[in-house]
Number of protein chains: 4
Amino acid sequence: MQQSKRSRDRQNELIEAALSVIGRAGSLDVSVSQIAGQAGVSSALAHHYFGSKEDLLFATQRHLLTLFRQDVVARLAAAPTPRARLSAIVEASFSPLQFNAGTVAAWTIFYLRAQSSRANSRLLQVYVARLRANLVHELRSLISETKIEAAAESIGAMIDGLYLRQGLRKGAADREAAIRITEHLIDTLVRS
Amino acid sequence: MQQSKRSRDRQNELIEAALSVIGRAGSLDVSVSQIAGQAGVSSALAHHYFGSKEDLLFATQRHLLTLFRQDVVARLAAAPTPRARLSAIVEASFSPLQFNAGTVAAWTIFYLRAQSSRANSRLLQVYVARLRANLVHELRSLISETKIEAAAESIGAMIDGLYLRQGLRKGAADREAAIRITEHLIDTLVRS
Amino acid sequence: MQQSKRSRDRQNELIEAALSVIGRAGSLDVSVSQIAGQAGVSSALAHHYFGSKEDLLFATQRHLLTLFRQDVVARLAAAPTPRARLSAIVEASFSPLQFNAGTVAAWTIFYLRAQSSRANSRLLQVYVARLRANLVHELRSLISETKIEAAAESIGAMIDGLYLRQGLRKGAADREAAIRITEHLIDTLVRS
Amino acid sequence: MQQSKRSRDRQNELIEAALSVIGRAGSLDVSVSQIAGQAGVSSALAHHYFGSKEDLLFATQRHLLTLFRQDVVARLAAAPTPRARLSAIVEASFSPLQFNAGTVAAWTIFYLRAQSSRANSRLLQVYVARLRANLVHELRSLISETKIEAAAESIGAMIDGLYLRQGLRKGAADREAAIRITEHLIDTLVRS
DNA sequence: AATGAATGAGCCTTCATTCAT
DNA sequence: AATGAATGAAGGCTCATTCAT
């Protein structure tokens with residue numbers, strides 16, 4: 001164990017603080033001091049642990065992706081059929097843990113950062129690729145081979161689009177509506 | 001003519017410079033100086049015309065929306081049938097003018113800003129509402145009344161999602177793929 | 001007549017605007033634009049007429065001094081005895097025209113500016129000298145020669161001190177109290 | 001010890017630098033950079049310690065008042081009689097520490113700032129109130145009750161007026177003259 | 001490990017001033 | 001005469017980052 005437990009805890013606290021602050025601000029205009037303050041430590045400590053703001057945000061993004069991934073995996077394991085597993089992915093995507101103002105803002109920011117940061121872009125591409133792989137795998141037994149790629153891309157884009165639009169609502173996220181729309185898309189893709 | 005031609009030109013130059021700088025940076029971290037520099041004027045002039053950075057960016061967003069709107073209107077006028085008009089909207093959305101790295105970054109940023117700026121949010125909501133109204137209008141003769149709302153929302157979200165994902169690609173935007181996917185969505189919605 | 005009437009009017013408007021803005025702000029942190037705006041003209045015009053902010057403020061100070069001077073002269077002419085003329089000076093000093101928040105602030109500022117501006121200092125010294133000359137002249141028939149200088153200086157300082165302290169009050173100036181104190185000082189000086 | 005010695009030293013250095021720069025400039029047009037530069041530190045450090053220019057100047061004013069207060073208290077303790085204590089106050093007021101170009105400029109500025117800053121005004125009022133309380137206390141055994149208030153106000157205003165006029169001199173302050181005039185005022189008030 | 005001290009760089013903004021019209 | 005356009009300079013302030021403790 002290279003890192004002490006204390007060390008790992010602090011890092012996690014900082015990452016969660018970053019997520020929290022970004023979510024609340026709804027923008028990338030968050031300072032290291034704000035994040036550190038939220039975590040109850042000095043900004044110098046954040047640099048001690050992460051080296052730079054860039055790296056802290058990168059770790060935060062990875063954390064976000066990991067959380068999502070874990071939820072997806074757990075739900076997939078519990079679903080009995082391919083169609084149910086597609087629904088599991090949809091439900092993970094719009095679970096209250098992910099589909100709320102703060103997290104949606106964080107996701108949008110990370111999509112944005114991907115345009116100017118190589119590392120960030122690669123990370124996001126891994127997520128997209130994994131999601132697509134999951135979709136493709138489940139679609140394989142439901143629609144013809146030639147249509148799979150487009151269908152997977154289509155579902156993924158729809159989820160992202162619903163995320164983006166969620167940011168526009170004043171109140172809480174409308175999970176049901178998002179799920180209904182996505183499920184309906186899947187249904188039409190599968191039936192066609 | 002309240003404003004001189006010179007004045008309007010300068011303002012447009014600044015807005016286009018803002019768009020250009022934001023697009024190139026792929027982020028909101030653009031300074032007024034950068035924008036002014038790109039327009040070949042002093043940063044003080046940007047304040048002279050727009051009052052604040054906030055207002056300059058707001059005007060830029062409005063410009064973006066106006067450009068898109070004009071393109072949509074022109075294409076709608078040229079399309080003979082409801083289905084063709086739906087395609088016109090899709091084509092406007094993914095026209096090279098809109099669907100390129102820079103503009104996509106700008107759109108994403110404006111979606112993000114909408115979460116922390118009232119004015120910005122309202123502006124974007126107007127755009128979303130208009131787009132939906134167009135879609136609803138054309139869908140009216142194609143699918144049953146009860147399905148229209150969801151279908152419009154679905155198409156709108158899909159377009160936004162494809163924009164978001166476009167930012168992840170390294171190379172140029174794949175317009176054909178985006179159009180194909182959206183058209184396919186419309187087809188399945190209409191046929192179902 | 002070198003200057004047109006229009007020209008002189010504009011200059012007076014600017015000077016009065018300066019006085020008004022300085023008074024309202026209670027500080028020297030007033031911009032040429034604010035002053036010009038108050039006068040209803042462009043800041044460029046203020047420069048056209050006065051050359052520089054410095055010169056505008058200088059002219060404003062001179063205006064203030066002239067107003068006071070004129071009031072003093074008028075009141076002196078109307079007073080029959082030396083003692084009455086001393087009271088006339090006191091009354092001019094604490095007339096509502098001079099002894100109000102705005103004008104007091106302007107005076108204080110000009111005393112301050114005198115420390116860093118030669119021209120300003122000379123102007124203020126002329127005012128002080130004139131006031132002293134007036135006091136000395138009237139005191140001559142009231143107290144012994146050897147005490148005159150100190151008495152004049154004393155009265156002048158008292159007036160200035162009451163001005164300075166006026167700035168601390170929240171409400172309107174207490175003219176009566178200021179006059180009472182100064183008159184009492186004169187009385188004791190004369191009787192002693 | 002909440003604050004480190006280093007920290008307190010730096011803050012004091014900055015305050016003294018502020019006093020020095022204000023005194024030399026004879027105006028409020030001093031930048032944080034100038035003050036910080038005079039103290040040999042970066043302007044960012046001034047903000048680190050004081051938060052804002054406003055707060056630094058406020059602390060500087062408080063420092064000025066405290067210095068004066070301490071001097072007054074020390075001199076009062078050493079004076080045996082009420083009349084001697086009045087003289088002690090006068091001497092403290094015109095001690096070389098206070099009655100010099102720089103400090104006089106600072107006082108004038110703070111009187112001016114009191115007109116636009118609540119906090120500043122309150123601070124100055126406390127000083128005025130304390131000075132008056134001291135004067136009243138010593139006057140109690142020297143003149144009749146009904147005259148005390150006016151006498152105290154009178155002495156205070158005289159001191160302030162002499163300060164203001166000091167700013168007009170080119171050379172050094174004439175302490176003797178100022179003391180002579182104030183003492184004479186006290187004498188006449190007491191005798192009358 | 002943890003922090004306060006310290007800073008250089010940069011940002012937004014204001015402003016006095018000039019100039020073309 | 002009068003103004004809007006335009007700018008260079010400066011100012012207050014923030015921030016990521018480093019360093020000594």
Side-chain angles (χ1 to χ4, degrees), chain A residues 3-4 6-7 9-11 29-36 39-57, chain B residues 2-7 9-11 29-36 39-57, chain C residues 3-4 6-7 9-11 29-36 39-57, chain D residues 2-7 9-11 29-36 39-57:
Chain A
Q3 285 182 119
S4 73
R6 171 73 159 269
S7 168
D9 282 356
R10 277 274 188 268
Q11 294 187 35
D29 279 339
V30 293
S31 67
V32 173
S33 294
Q34 279 173 56
I35 294 173
V41 298
S42 75
S43 71
L45 193 62
H47 280 90
H48 177 63
Y49 279 125
F50 291 95
S52 74
K53 180 185 189 179
E54 187 71 17
D55 291 343
L56 168 53
L57 290 181
Chain B
Q2 210 129 353
Q3 281 184 123
S4 74
K5 186 177 177 304
R6 172 75 157 271
S7 167
D9 282 355
R10 277 278 185 267
Q11 293 185 38
D29 280 336
V30 293
S31 67
V32 172
S33 294
Q34 279 172 51
I35 295 173
V41 299
S42 73
S43 71
L45 193 62
H47 283 94
H48 176 59
Y49 280 125
F50 292 95
S52 72
K53 181 186 187 179
E54 185 74 16
D55 290 343
L56 168 53
L57 291 181
Chain C
Q3 284 181 121
S4 74
R6 170 74 159 269
S7 168
D9 282 355
R10 276 275 189 268
Q11 293 186 38
D29 279 339
V30 294
S31 67
V32 173
S33 294
Q34 279 173 55
I35 295 173
V41 298
S42 74
S43 71
L45 194 62
H47 281 90
H48 177 63
Y49 280 125
F50 291 94
S52 73
K53 180 185 188 179
E54 187 71 16
D55 291 343
L56 168 53
L57 290 181
Chain D
Q2 210 128 354
Q3 279 184 122
S4 74
K5 186 177 180 303
R6 171 76 158 269
S7 166
D9 283 355
R10 277 277 185 268
Q11 292 185 38
D29 280 338
V30 293
S31 66
V32 173
S33 293
Q34 280 172 54
I35 295 173
V41 299
S42 73
S43 72
L45 193 62
H47 282 95
H48 176 59
Y49 279 125
F50 293 95
S52 73
K53 181 186 187 180
E54 186 75 17
D55 290 344
L56 168 54
L57 290 181

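All values below come from the heavy atoms of this structure, side chains included, with hydrogens, waters and symmetry mates left out. Quantities reported herein were computed from a predicted structural model and do not represent experimental measurements. Lettering follows sequence order; numbering is per chain, from 1.
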Could you measure the distance from the CG atom of A:Leu56 to the OH atom of A:Tyr49? Nearest 0.5 Å is fine.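 One gets 13.0 Å once the value is rounded to the nearest 0.5 Å.
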Roughly how far, to the nearest 0.5 Å, is the CZ atom of B:Arg6 from the CD atom of B:Gln11?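 If I round to the nearest 0.5 Å, the distance is 12.5 Å.
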Counting any heavy atom closer than 4.0 Å, what does [X] reach on the DNA or RNA strands: base, sugar-phosphate only, or nothing?
X: D:Gln34; result: sugar-phosphate
X: D:Phe50; result: nothing
X: D:Ser31; result: sugar-phosphate

Where [X] and [Y] come nearest, the two heavy atoms and their spacing:
X: B:Ser7; Y: B:Ser4; result: N-OG, 3.0 Å
X: A:Arg10; Y: A:Val41; result: NE-CG1, 3.9 Å
X: C:Val32; Y: C:His47; result: CG1-CE1, 3.8 Å

Which one, [options], comes nearest to the side chain of [X]?
X: D:His47; options: F:dG12, F:dG4, E:dT7; result: F:dG12
X: C:Ser42; options: F:dG4, F:dT7, F:dA16; result: F:dG4
X: C:Arg10; options: F:dA2, E:dC12, F:dT7; result: F:dA2
X: B:His48; options: F:dC13, F:dA2, F:dG4; result: F:dG4

Secondary structure of DNA chain F per the Watson-Crick/G-U criterion (both distances under 3.5 Å; [ ] crossing, | other strand, . unpaired) is .||||||||||||||||||||
If each of B:Ser7 and B:Ala44 is mapped to the nucleotide of DNA chain F with the nearest heavy atom, which maps nearer the 5' terminus, i.e. the 5' end?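 Its nucleotide being nearer the 5' end, the pick is B:Ser7.
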Where each residue is assigned the nucleotide of DNA chain F containing its nearest heavy atom, which of A:Ser52 and C:Arg6 is assigned the position nearer the 5′ end?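 The 5'-side residue here is C:Arg6.
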Which residue lies toward the 5' end of DNA chain E, D:Ser43 or A:Gly40, if each is placed at its nearest nucleotide?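 Between the two, 5'-proximity favours A:Gly40.
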For [X] and [N], what is the distance between atoms [atom1] and [atom2] respectively, to the nearest whole Å?
X: D:Leu56; N: F:dG12; atom1: CG; atom2: C1'; value: 12 Å
X: C:Lys53; N: E:dT14; atom1: NZ; atom2: C1'; value: 11 Å
X: D:Lys5; N: F:dT21; atom1: NZ; atom2: C1'; value: 16 Å
X: D:Leu45; N: F:dG12; atom1: CG; atom2: C1'; value: 15 Å
X: C:Leu57; N: E:dC15; atom1: CG; atom2: C1'; value: 13 Å
X: B:Glu54; N: E:dC11; atom1: CD; atom2: P; value: 17 Å
X: A:Asp9; N: E:dA2; atom1: CG; atom2: P; value: 10 Å

Would you confirm whether D:Lys53, through its side chain, and D:Val30, through its main-chain N or O, come within 3.5 Å as a donor-acceptor pair?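 Yes, because the side chain of D:Lys53 sits within donor-acceptor range (under 3.5 Å) of the backbone of D:Val30.
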So, OP1 or OP2 of E:dA6: does either fall under 4.0 Å of a side-chain N or O from D:Tyr49?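 Yes.
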Going through the checks in order, is the side chain to side chain contact (heavy atoms under 4.5 Å, CB included) test met by A:Leu45 and A:His48? CA-CA 5 Å; A:Leu45 193 62; A:His48 177 63; 4.0 Å; yes
